[in-house]
Amino acid sequence: MIHSIGNACSSGEKRVRMPAVAGAFYPAKADTLRKMIASFMSDASSVEPDKEVQAVIVPHAGYVYSGAIASKAIKAIPADAAYKRIFLLGPSHRVAFDGASVNGAFGSYATPLGEVQVDKEACDALLRADTVFTYVPEAHVREHCLEVQLPLLQVHLRDVPPIVPIIIGTQDLAKLRRIAQALQPYFTSDNLFVISSDFSHYPSYEDANRVDKATGEAIESGSLRKFLDALEMNAREGVPQLLTGACGQSPIAVLLLLMEGRKDLQVRHLAYCNSGDAVYGDKDRVVGYHAFSIVKKAEADAFSLTGEERAQLLQIARKSIDYALARRTDLPYDSTKMSLVLQQHCGAFVTLHKGGKLRGCIGNLVGYKPLYQTVSSMARAAAFEDPRFYPIEESEMKDIDIEISVLSPLRKIQSIDEFQLGRHGIYIIKGEHRGTFLPQVAGETGWTKEEFLGHCARDKAGLAWNGWRDAELYVYEAIVFGE
């Protein structure tokens, strides 16, 4: 039990880095802290662990603001994962310095839940690897961005391995590349990288949602260039009160550099909110919070779309509706300019929203035509043939947002243990009854796995609530993107 908060204490040879923000960013009492985190984890029912998680991006604000989002990132990690060490990377909030500070001066970090050991050997190896790594004591003494991740890891992981605490104080791309090069040998399935970052700082609620959407989509692409371009674009727009688009942009940049050339890795966006969504937050000046996991692709995940291909499909979807409204008979695309990926036969859904509310959704689970043709057909069907809504009118188009879900091939499962909520869509077949829910429905509703299946059976397939239990079940994954 830890009763006091201070900078450090020592016991013989061992130095312990004591908590700096317990009682401020999170509860100082162990029981209260554990109950709060357990409640966050329980509420994160839409997230199930991936088999192989290489890294997570986690917010670091006070738990009352960002704890629910942070818990979704941590929950994506398998609780029984056996990592050798955890690399904690975060930005410097209190001290200016040019490089990366590795804290191997302490034998452990303490929280109200106990101590987490420091991998001093790995810290020393980084200090020897490149002079870009130093030890700046002031960068760690009162810094909160790494500390707040520890209680979450302590509650979720069965065994917490030693940590390598790194605070990054530079935004120089050449230095960030050197940091990544030194970390590259450790960027394997044996180790977990926890990247600590909040996002937009202090714009209005509406501006934060827009700015953070652009930044989040850039990160999801896995491209460092797109991430830096998104930050620059947000800065150029002159958004009132926007101080930064991502306070942890340097640690995120290091992660994206580590991912360069790694076709086996995929970024998954898990959740977003901002401080204006919290009970104690206001909507005039907010901070944005994203949660991401970086996972090893399964073979079924090999299909991917570039940012240009996604933009092309969104343009085709919108032009298809516009052409139909204008009664044009020419095609809304040039088939000679389609990449090989867009010529593949894939299932796809097109979803239309107006003012944040559903305005139409139609799709095919199985690709009978090239993807670009399927998207074109489904866009028109969503606009004019969804029986739940009256047809789209031309005057509405300026308020319509388009989302596309490109689907992987269907895979039959024998047990719901094979179904991962939030990652998989479900397709239920029983006789003439058929129904499906896309993967993202889990995040939108917050249903448990059984509620997800029950609603699909009853509301989509026309079966009883438990009708899925003796039906054929198929899963698929979706690449989801929108305007």
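Nothing fancy with the numbering, it's 1 onward along the sequence.
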**Worked check of side-chain contact (heavy atoms from CB on, under 4.5 Å) between H140 and F106** = CA-CA 11 Å; H140 301 271; F106 293 87; 5.7 Å; no

**Request:** Please test L305 against L342 for side-chain contact (heavy atoms from CB on, under 4.5 Å), starting from the C-alpha separation and ending with a verdict.
**Result:** CA-CA 8 Å; L305 293 167; L342 297 186; 4.0 Å; yes

**Request:** Evaluate side-chain contact (heavy atoms from CB on, under 4.5 Å) for R268 paired with D50, printing each intermediate quantity in order.
**Result:** CA-CA 10 Å; R268 296 192 188 281; D50 273 287; 3.7 Å; yes

**Stepwise side-chain hydrogen bond (donor to acceptor under 3.5 Å, both in side chains) test for D277 and Y205** = CA-CA 9 Å; D277 296 307; Y205 183 88; 2.5 Å; yes

**Request:** Would you sort out whether K296 and L265 count as a side-chain contact (heavy atoms from CB on, under 4.5 Å), showing the intermediate values?
**Result:** CA-CA 5 Å; K296 203 80 174 283; L265 295 179; 4.0 Å; yes

**Message:** Please evaluate residues Y272 and F199 with respect to the criterion ring-ring contact (aromatic ring centres under 6.0 Å, His included), reporting the C-alpha separation (whole Å), side-chain torsions for both, the decisive distance (0.1 Å), and the verdict.
**Reply:** CA-CA 10 Å; Y272 170 79; F199 285 81; 8.0 Å; no

**Prompt:** Can you check salt bridge (Lys or Arg N to Asp or Glu O under 4.0 Å) on R210 and E206, steps first, answer last?
**Reply:** CA-CA 7 Å; R210 179 172 53 81; E206 293 77 13; over 6 Å; no

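Between the side chains of N274 and S200, no donor-acceptor pair of N or O atoms lies under 3.5 Å. In summary, the side chains of R285 and S275 do not present any donor paired with an acceptor at a separation below 3.5 Å, with no hydrogens or angles considered.
Annotation for K35: atom NZ does not count as buried by contact number, only 12 or fewer foreign heavy atoms lying within 6.0 Å. The 12-atom threshold is not exceeded at CD of E121, counting heavy atoms of other residues, nucleotides or ligands nearer than 6.0 Å.
With rounding to the nearest 0.5 Å, the separation of CG in L314 from CD1 in I404 is 4.0 Å. To the nearest 0.5 angstrom, Q54 atom CD is 9.0 Å from M259 atom CE. Residue F87 holds its CZ atom at 13.0 Å from CG of L255, rounded to the nearest 0.5 Å. Note that CD of Q154 and CG of D159 are 12.0 Å apart. Values are rounded to the nearest 0.5 Å. Atom CZ of F40 sits about 8.5 Å away from atom CG of L152, to the nearest 0.5 Å. Put simply, OH on Y109 and CG on N103 are 3.5 Å apart, with the number rounded to the nearest 0.5 Å.
Nearest heavy atoms, E260 versus L224: OE2-CD2, 4.4 Å. When all heavy atoms of L407 and A478 are compared, the closest pair comes out as CD2-CB, 3.7 Å. Closest heavy-atom contact between S196 and C145: OG-O, 2.7 Å. The two residues A61 and F25 have their closest heavy-atom pair at C-CD2, 3.8 Å. In this structure, M41 and S71 approach most closely via the heavy-atom pair SD-O, 3.7 Å. Between R17 and A20, the closest heavy-atom pair is NH1-N, 3.7 Å.
Checked by atom type and distance alone, the side chain of K213 pairs as donor or acceptor with a backbone atom of E483 at under 3.5 Å. When atom types are taken as modelled, the side chain of H290 and the backbone of D212 share a donor-acceptor pair closer than 3.5 angstrom. With hydrogens and angles ignored, the 3.5 Å screen pairs a side-chain donor or acceptor of E147 with a backbone N or O of V21. In this structure a side-chain-to-backbone donor-acceptor pair under 3.5 Å is present from S197 to G248. Judged by distance alone, the side chain of K175 and the main-chain N or O of G99 form no donor-acceptor pair under 3.5 Å. Checked by atom type and distance alone, the side chain of T134 never pairs as donor or acceptor with a backbone atom of V136 at under 3.5 Å. Using a distance-only test at 3.5 Å, with no hydrogens or angles considered, no donor-acceptor pair links the side chain of H269 to the main chain of G216. Using modelled atom types, one side-chain atom of Q149 and one backbone atom of P59 make a donor-acceptor pair closer than 3.5 Å. Side-chain atoms of K449 come within 3.5 Å of backbone N or O of F419 as a donor-acceptor pair. No donor-acceptor distance shorter than 3.5 angstrom exists from the side chain of S92 to the backbone of I168, with no hydrogens or angles considered.
Y280 and Y65 have perpendicular rings, their planes meeting at more than 60° on a 0 to 90° scale where under 30° would count as parallel. Below 30°, between 30° and 60°, or above 60°: for H60 and H93 the angle between ring planes is above 60°, a perpendicular geometry.
The side-chain hydrogen bond (donor to acceptor under 3.5 Å, both in side chains) test with N234 singles out one residue from T244, T215, D229, and that residue is T215. Checked against F437 for a ring-ring contact (aromatic ring centres under 6.0 Å, His included), the options W447, Y427, Y474, Y476 give a single hit: W447.
The shortest distance between side-chain heavy atoms of V279 and V64 does not fall below 4.5 Å. Inter-residue side-chain proximity for Q312 and E308 is flagged as unmet; no heavy-atom pair is nearer than 4.5 Å. Two residues are said to be in side-chain contact when any heavy atoms from C-beta on lie closer than 4.5 Å; F227 and Q249 meet this criterion. The side-chain heavy atoms of I166 and L183, taken from C-beta on, include a pair separated by under 4.5 Å. Between V95 and I167, every side-chain heavy-atom pair lies at or beyond the 4.5 Å cut-off. The shortest side-chain heavy-atom distance between R359 and I400 falls under the 4.5 Å cut-off. The closest side-chain heavy-atom distance from E48 to L421 is below 4.5 Å. Between F193 and V254 the shortest side-chain heavy-atom distance does not fall below 4.5 Å.
With salt bridges taken as basic N to acidic carboxylate O contacts below 4.0 Å, none links E217 and R310. Using a 4.0 Å cut-off between charged nitrogen and carboxylate oxygen, R94 and E143 do not count as a salt-bridge pair.
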